[in-house]
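Below is one structure, written out as structure tokens; comments come after it.
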Amino acid sequence: MRKIAACLILTFSLTFFNACGEEKPLLSATDYDLDAETAQTIRGVKIGDGADAFLAAYKDYDILSSVNGGDYRYLAVEEIPFDGSLTTILPSFFVDGTALELDTFCENNDIEKDSLLSYLTDEAYLEHHAVVYQYLIFEWENGKIKDIRSESMDYNKDGSYYTAN
């Protein structure tokens, strides 16, 4: 089930990145680290925090939202309904350990964004590059974070492989 969810998140992330024309800052690989005991992010967000703490840490980054179990989509920060049943995700692709700015990568490699995933997961590309898709997942209920997970899919090992922390 988690493998299916990870693939769906990836698909919606690419759709989201295609729709978003505004360049946002990139998260680093360490931004996806969680404290093993407290599940606190490196930016200090933890279970029980509300929207203020989350937005102080992540409002400038790409955020995908799923309201009441619906499809993941981009919502402007002020439109995210933190007081309901919500999942927010902060996704990034890393190639050779560096976060990928999608527009620049597509332009430099002369590919369309809708071809990005097939390009990054092509066997010939993976022979020369390490490709990892990472994302932080925040589960919300009644305005508070009830769970935080950091997950990843390592395409060099297997496109369906992912780890959950």
Report the C-alpha separation of R43 and L136 in whole Å, then their side-chain angles, then the decisive distance to 0.1 Å, and conclude whether the side chain to side chain contact (heavy atoms under 4.5 Å, CB included) test is met. CA-CA 12 Å; R43 293 175 179 255; L136 277 173; over 6 Å; no

Going by side chain to side chain donor-acceptor pair (under 3.5 Å), name the residues that satisfy it together with [X], two or more places apart in sequence or in a different chain.
X	answer
D60	none
E139	T87
S28	T30, D31
N109	Y119

Return the set of residues passing side chain to side chain contact (heavy atoms under 4.5 Å, CB included) with [X] (not counting sequence neighbours), or none when no residue passes.
X	result
A36	none
S115	E112, S118
D96	H129, A130
A99	L26, F94

Examine [X] and [Y] and state if one hydrophobic cluster contains both, with Ile, Leu, Val, Met, Phe, Trp and Tyr joined whenever side-chain heavy atoms are less than 4.5 Å apart.
X	Y	value
L102	L117	yes
F138	Y32	yes
V95	L116	yes

Exercise. Specify whether F93 and Y133 have parallel, tilted or perpendicular ring planes, treating 30° as the upper limit for parallel and 60° as the lower limit for perpendicular.
Key: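 Aromatic pair F93/Y133 classed tilted.
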
Tell me, do [X] and [Y] make a side-chain contact under 4.5 Å, heavy atoms counted?
X	Y	answer
I137	I148	no
I111	F105	yes
V131	T121	no
T88	I145	no

If you measure from [atom1] on [X] to [atom2] on [Y], what distance do you get to the nearest 0.5 Å?
X	Y	atom1	atom2	result
L126	K157	CG	NZ	13.0 Å
Y74	S65	OH	OG	9.5 Å
L75	I80	CG	CD1	6.0 Å

Of all residues at least two apart in sequence or in a different chain, which pass the ring pair (Phe, Tyr, Trp, His ring centres under 6.0 Å) check with Y61?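 Partners of Y61 by the ring pair (Phe, Tyr, Trp, His ring centres under 6.0 Å) criterion come out as none, since no residue qualifies.
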
Taking all heavy atoms of [X] and all of [Y], pick out the closest pair and write down the distance.
X	Y	answer
K113	C106	CG-SG, 3.7 Å
Y135	P91	CB-CA, 3.9 Å
P81	L86	O-CD2, 3.9 Å
V45	A57	CG2-CB, 3.6 Å
A39	L34	O-CD2, 3.9 Å

Residues that [X] engages under salt bridge (charged side-chain N to carboxylate O under 4.0 Å, His left out), provided they are two or more places apart:
X	value
K146	E141
K46	D49
D147	R149

task = Just do the side chain to side chain contact (heavy atoms under 4.5 Å, CB included) check on I63 and I89 with the steps written out, would you?
result = CA-CA 6 Å; I63 302 170; I89 297 175; over 6 Å; no

**Asked** Under 3.5 Å, is there a donor-acceptor pair between the side chain of D35 and the main chain of E37?
**Response**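 A pair under 3.5 Å: yes.
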
Counting only heavy atoms from other residues, nucleotides and ligands, does the tally under 6.0 Å from CD of E78 exceed 12?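 Above 12, so yes.
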
Please walk me through it: do L120 and Y155 pass side chain to side chain contact (heavy atoms under 4.5 Å, CB included)?
CA-CA 8 Å; L120 291 174; Y155 287 99; over 6 Å; no

